[in-house]
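Quick notes on the structure that follows.
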Amino acid sequence: MLLSTPEQIEFYSSSGLWGEDRVDLVFARHAEQRPDELALVDDQSLHSVSGRRPQCLSFIRTWRRVVALCEFLTGIGMKSDTVVAMLVPPSADAAVLTLVASRMGIILAPIPLTSGEADLREKLEQVGAKAIVCCSHYENEPVAERVRNVAADMFSIRFVFCIGDNAPEGLIDLGDILSEEDKVDEETLFQHALQAGANSILAIHWSSAGSEKARPIGRSHNQLLTIARYAHEQTDVNAESCVFVTHHMSGLVGFAVGLIGALETGARLQFHNFRSLPKFVNALAEFGGQHVYLPGALWEEAHALLPMSVREQLVSISLVWNRAHAEQSVFGENETAARLIDVTNFKELALFSQIRRHPSEVGSVPLGAINSLRDPSQVYMETFLYGMEEARAKGDAGIIGGELCIKSAMLPDCAFPLAGAVEGVPLRATDDGFIHTEIGCHLVTEEHGDQRALFRPLGDLVDVLAFGGFAERGEDLDALYRACIAVSDAAAFVVPAEDSGPAHLMAALVCDDKETAREEFYAYLEAKRVSSMKWPRDVIFVEAIPRRTNGKVMRESLLEASQVANVA
C-alpha cells in the first residue's frame with residue numbers, strides 16, 4: 001500500500017533521503033556478510049515478564065527464522081497489505097516479526113500491551129486488522145485473554161497467534177513455528193521477494209491525542225528509516241555497537257529509532273523490559289550496552305546509579321522528552337564518556353534530536369529547515385509557527401510564538417485509511433503542506449544575520465492530559481467517568497509526581513452517596529474493560545466540577561482541591 005504521492009516520492013528520493021531498500025533487504029545483507037555475529041539478545045527475565053523464553057540469535061539464525069515464518073504465513077494464505085496487530089514486548093520476536101512483515105509486504109500495527117478490550121477493539125476496527133499476534137501476558141496484564149475476547153466478536157479477524165507459555169485455548173501457538181529455522185532450504189535462503197517496495201507501508205502508529213482523536217499514521221520503509229538515520233546521526237550507532245532497546249514497539253522511539261535503526265546498521269540489539277533503574281543499570285553492565293534511550297526525567301536518578309565501568313562504556317544517552325519538555329526540570333551533569341542527546345517527540349508525528357548544547361536545558365528547536373549533519377543539502381524536517389505573523393501584526397511584541405506545524409520525510413500527508421476506505425484522510429495542514437501539531441511554541445530568538453530563529457515547545461493548545469508516557473483528551477476521560485451510574489458529574493485531572501517521575505491520573509467525582517461511589521466507580525471501569533492506563537490512581541469527591549463559561553473544565557482548580565484533600 002502506498003500513501004505517499006508521486007511528487008513526495010520524487011522529491012525525497014532526489015534529495016537522497018529515500019532509497020530503494022526495504023528493511024529486510026538491508027538486514028539480509030548483514031546476515032550474508034556477518035552470519036555468525038550476534039544480532040538479537042533478549043532480556044534474561046523475559047519468561048517471567050511475558051511467558052516467552054529468552055532468545056539469543058545470530059544474524060543468520062534470525063534470517064532463517066524470518067524465512068521460515070514467511071513460508072508458514074504464505075502457506076496459510078497471508079497476503080501483502082494485510083494489517084496485522086502486534087502486542088509483543090521489546091524482544092527478538094518483535095524484530096523477527098518486523099522483518100517478516102517487511103519481506104512479505106504485511107503492515108504491522110503495534111498496539112500498547114496495556115490496552116483494554118475497548119481500546120483494542122477500536123484500534124483493530126480503525127485499521128481493518130485481519131490478524132493479531134500477541135504475547136500470552138505482560139507482567140499482570142492478561143494480553144492474550146483480552147485479544148481472544150475481542151477477536152471472538154470480530155468477524156474480520158482471521159488469525160490470532162500467541163507467543164509464550166500458558167496461552168488461552170483457541171489461539172495459534174507461534175512459538176514453535178518461530179523456532180523452525182533448520183527447515184529452511186539453504187539454496188533459497190537469500191532469494192528475496194519482490195512484493196513490496198521501499199515506499200510501501202510497513203507499520204502503523206497512532207498520533208497522540210489532540211482536538212481530534214488519535215489517528216493511525218501509516219509509515220513506509222523510507223519514512224521509518226529516515227527517522228532512524230536522523231537520530232543516529234547524533235548517536236553514531238554502527239555495526240560494532242550494542243543498542244539497548246527498552247521502549248515498546250507502539251511508539252516511534254522503540255520501533256523506528258531503536259528497532260529499525262539497529263536492524264539497518266547491523267548493531268547488536270539488546271532488549272530490556274524496564275522494571276526499575278537498578279535492574280536497567282545492572283543489565284547495561286552485564287551486556288555492555290553502549291547506546292541507550294531513557295525518559296528524560298529519569299536521567300538524574302540513573303546518573304547516580306551508574307558504576308564507573310558503565311560510565312566508560314557508554315557512547316550515547318538519548319533522553320526522550322514529551323512535547324512539553326520546556327516545562328521539565330533538566331539535570332545537567334554527565335560524568336560519563338557518552339554524549340547526551342535530547343529527543344523531543346512531537347506527538348508521534350515526528351522526532352527532533354539534538355546533541356545537548358547547554359547542560360541545564362534541553363535546547364530550543366530551529367525554525368525552518370532542519371538539515372542533515374552529514375549532508376547539509378538534505379532536509380529531514382521543516383518547522384513553521386502558524387499564526388505567528390498574524391499575532392505579530394496585531395500586537396507590539398517583537399518576540400512571539402504560534403502553533404508548531406511540520407513538514408518532514410518522516411511523516412505522510414494523510415492518516416492510514418479507515419477500514420473499508422480506499423484513501424487515507426488528509427492530516428490537517430496549512431496551504432503550504434505543513435501538518436498541524438496543536439503544540440504551542442514560543443519564539444526565543446529572532447533571525448538576525450547568521451543566527452537561526454529558535455523556538456521552544458510550551459505544551460498543548462488543546463485540553464490534553466499527559467501522564468506516565470500516555471496522552472488522552474480530557475473530554476474523553478470526563479465522558480468515560482461521567483457515564484458511571486453512581487456518578488452525576490466527573491472530570492479527569494493530573495497530579496505531578498513529587499520525584500520528577502510520571503504524573504498521576506486522578507478523577508474528581510460528584511456523587512450522592514460517597515460511601516459506595518468509589519467501589520461502584522471502579523467496578524464500572526472493570527466492566528467497561530478499559531485500559532489500565534485510564535484507571536485513575538485515586539479519586540476525590542467534590543460538590544461540583546468547576547467549569548469556565550464555555551463549559552471547559554478548570555482542571556487547575558481540581559488539582560488545588562486534591563492538594564487540600566491531601567490526595568496524591
Side-chain angles (χ1 to χ4, degrees), residues 27 30-31 34-63 65 88-96 98-99 135 138-139 163 178 228 231-232 235-249 253-255 257-295 298-299 301-320 334-341:
F27 185 86
H30 290 298
R34 308 153 54 206
D36 298 324
E37 293 184 29
L38 272 182
L40 310 173
V41 183
D42 274 334
D43 187 329
Q44 296 306 291
S45 65
L46 182 63
H47 189 263
S48 64
V49 173
S50 69
R52 172 68 163 164
R53 299 197 179 280
Q55 312 290 306
C56 182
L57 303 176
S58 65
F59 281 95
I60 193 62
R61 288 189 64 199
T62 301
W63 186 249
R65 291 193 178 196
V88 176
S91 60
D93 292 326
V96 170
T98 301
L99 290 167
C135 56
Y138 182 71
E139 296 186 342
I163 304 172
L178 276 167
H232 288 170
T235 62
D236 283 340
V237 169
N238 56 55
E240 306 300 321
S241 302
C242 174
V243 177
F244 251 61
V245 174
T246 60
H247 283 73
H248 282 220
M249 301 298 108
V253 174
F255 190 87
V257 179
L259 180 63
I260 297 295
L263 293 176
E264 186 213 11
T265 58
R268 172 160 59 92
L269 260 170
Q270 178 71 48
F271 295 100
H272 181 76
N273 290 282
F274 191 90
R275 286 173 161 179
S276 69
L277 275 172
K279 289 184 178 180
F280 175 75
V281 171
N282 288 340
L284 280 178
E286 181 178 358
F287 294 101
Q290 297 171 305
H291 300 271
V292 300
Y293 305 88
L294 275 176
L298 295 181
W299 172 231
E301 185 181 352
H303 183 271
L305 296 174
L306 296 174
M308 185 56 66
S309 60
V310 173
R311 292 171 184 250
E312 292 174 349
Q313 80 190 25
L314 286 170
V315 177
S316 75
I317 302 165
S318 295
L319 302 178
V320 183
N334 177 23
E335 298 175 354
T336 76
R339 67 189 70 173
L340 282 186
I341 295 159

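Atoms considered below: every heavy atom in the structure, side chains included; atoms not considered: hydrogens, waters and symmetry mates. All residue numbers refer to positions in the sequence shown, counting from 1. It should be emphasised that the depicted structure is a prediction, and the values quoted were computed from it without experimental measurement.
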CA sep, side-chain torsions, deciding dist, call: Ser91, Leu46, side chain to side chain contact (heavy atoms under 4.5 Å, CB included): CA-CA 8 Å; Ser91 60; Leu46 182 63; 4.3 Å; yes
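- With rounding to the nearest 0.5 angstrom, the OG1 atom of Thr265 is 6.0 Å from the NE2 atom of His232.
- A tilted orientation is assigned to the rings of Phe59 and Phe27, their planes being inclined by 30° to 60°.
- Scored by the side-chain contact (heavy atoms from CB on, under 4.5 Å) test, Glu240 finds Asn238 as partners (sequence neighbours excluded).
- Asp93 CG to Leu178 CG: the interatomic distance, rounded to the nearest 0.5 Å, is 5.0 Å.
- Taking the side-chain contact (heavy atoms from CB on, under 4.5 Å) definition, one finds that Val315 meets it with Gln290, His291, sequence neighbours left out.
- Remark: His272 NE2 to Thr246 OG1 distance equals 7.0 Å, nearest 0.5 Å.
- Of the residues Thr62, Leu40, Leu38, the one that meets the side-chain contact (heavy atoms from CB on, under 4.5 Å) test with Leu269 is Leu40.
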Side chain to side chain contact (heavy atoms under 4.5 Å, CB included) evaluation trace for Thr235 with Val257: CA-CA 11 Å; Thr235 62; Val257 179; over 6 Å; no
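- Here the CZ-CD distance, from Phe271 to Gln55, works out to 11.5 Å after rounding to the nearest 0.5 Å.
- The stretch residues 304-313 participates, sequence neighbours left out, in these salt bridge (Lys or Arg N to Asp or Glu O under 4.0 Å) pairs: Arg311-Glu335.
- In this structure His30 satisfies the side-chain hydrogen bond (donor to acceptor under 3.5 Å, both in side chains) test together with Arg34, sequence neighbours excluded.
- Contact detail for Cys242 and Gly289: the closest heavy-atom pair is SG-CA, 3.9 Å.
- With contacts defined as side-chain heavy-atom distances shorter than 4.5 Å, the pair Arg268/Ser241 does not qualify.
- The CG atom of Leu277 lies 10.5 Å from the CH2 atom of Trp299; values are rounded to the nearest 0.5 Å.
- Legend: residues meeting side-chain hydrogen bond (donor to acceptor under 3.5 Å, both in side chains) with Gln313, ordered by chain and number and at least two apart, are absent.
- Ring-plane geometry between Phe280 and Phe244 is classed as perpendicular, the angle between the planes exceeding 60 degrees on a 0 to 90 degree scale with a lower cut at 30.
- Tyr293 is not listed as a side-chain neighbour of Val245, based on a closest heavy-atom distance of 4.5 Å or more.
- In terms of modelled atom types and a separation under 3.5 Å, the side chain of Ser45 and the main chain of Ser48 share no donor-acceptor contact.
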Check against side chain to side chain contact (heavy atoms under 4.5 Å, CB included), Val49 and Asp43: CA-CA 9 Å; Val49 173; Asp43 187 329; 5.7 Å; no
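- Nearest approach of Val41 to Cys56, heavy atoms of both residues: CG2-SG, 4.1 Å.
- For the pair Cys135/Pro89, a side-chain contact is recorded, criterion being any heavy-atom separation below 4.5 Å from C-beta on.
- For the residue pair Ala31 and Ile60, the shortest heavy atom distance occurs at O-CD1, 4.2 Å.
- Residues in residues 274-289 take part in these side chain to side chain donor-acceptor pair (under 3.5 Å) pairs, two or more places apart or across chains: Glu139-Arg275.
- The CZ atom of Arg61 sits 11.0 Å away from the CG atom of Asp36 when rounded to the nearest 0.5 Å.
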Check against side chain to side chain contact (heavy atoms under 4.5 Å, CB included), Met249 and Thr98: CA-CA 10 Å; Met249 301 298 108; Thr98 301; 5.7 Å; no
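- Under a 3.5 Å cut-off, the side chain of Asp42 and the backbone N or O of Ala92 do form a donor-acceptor pair.
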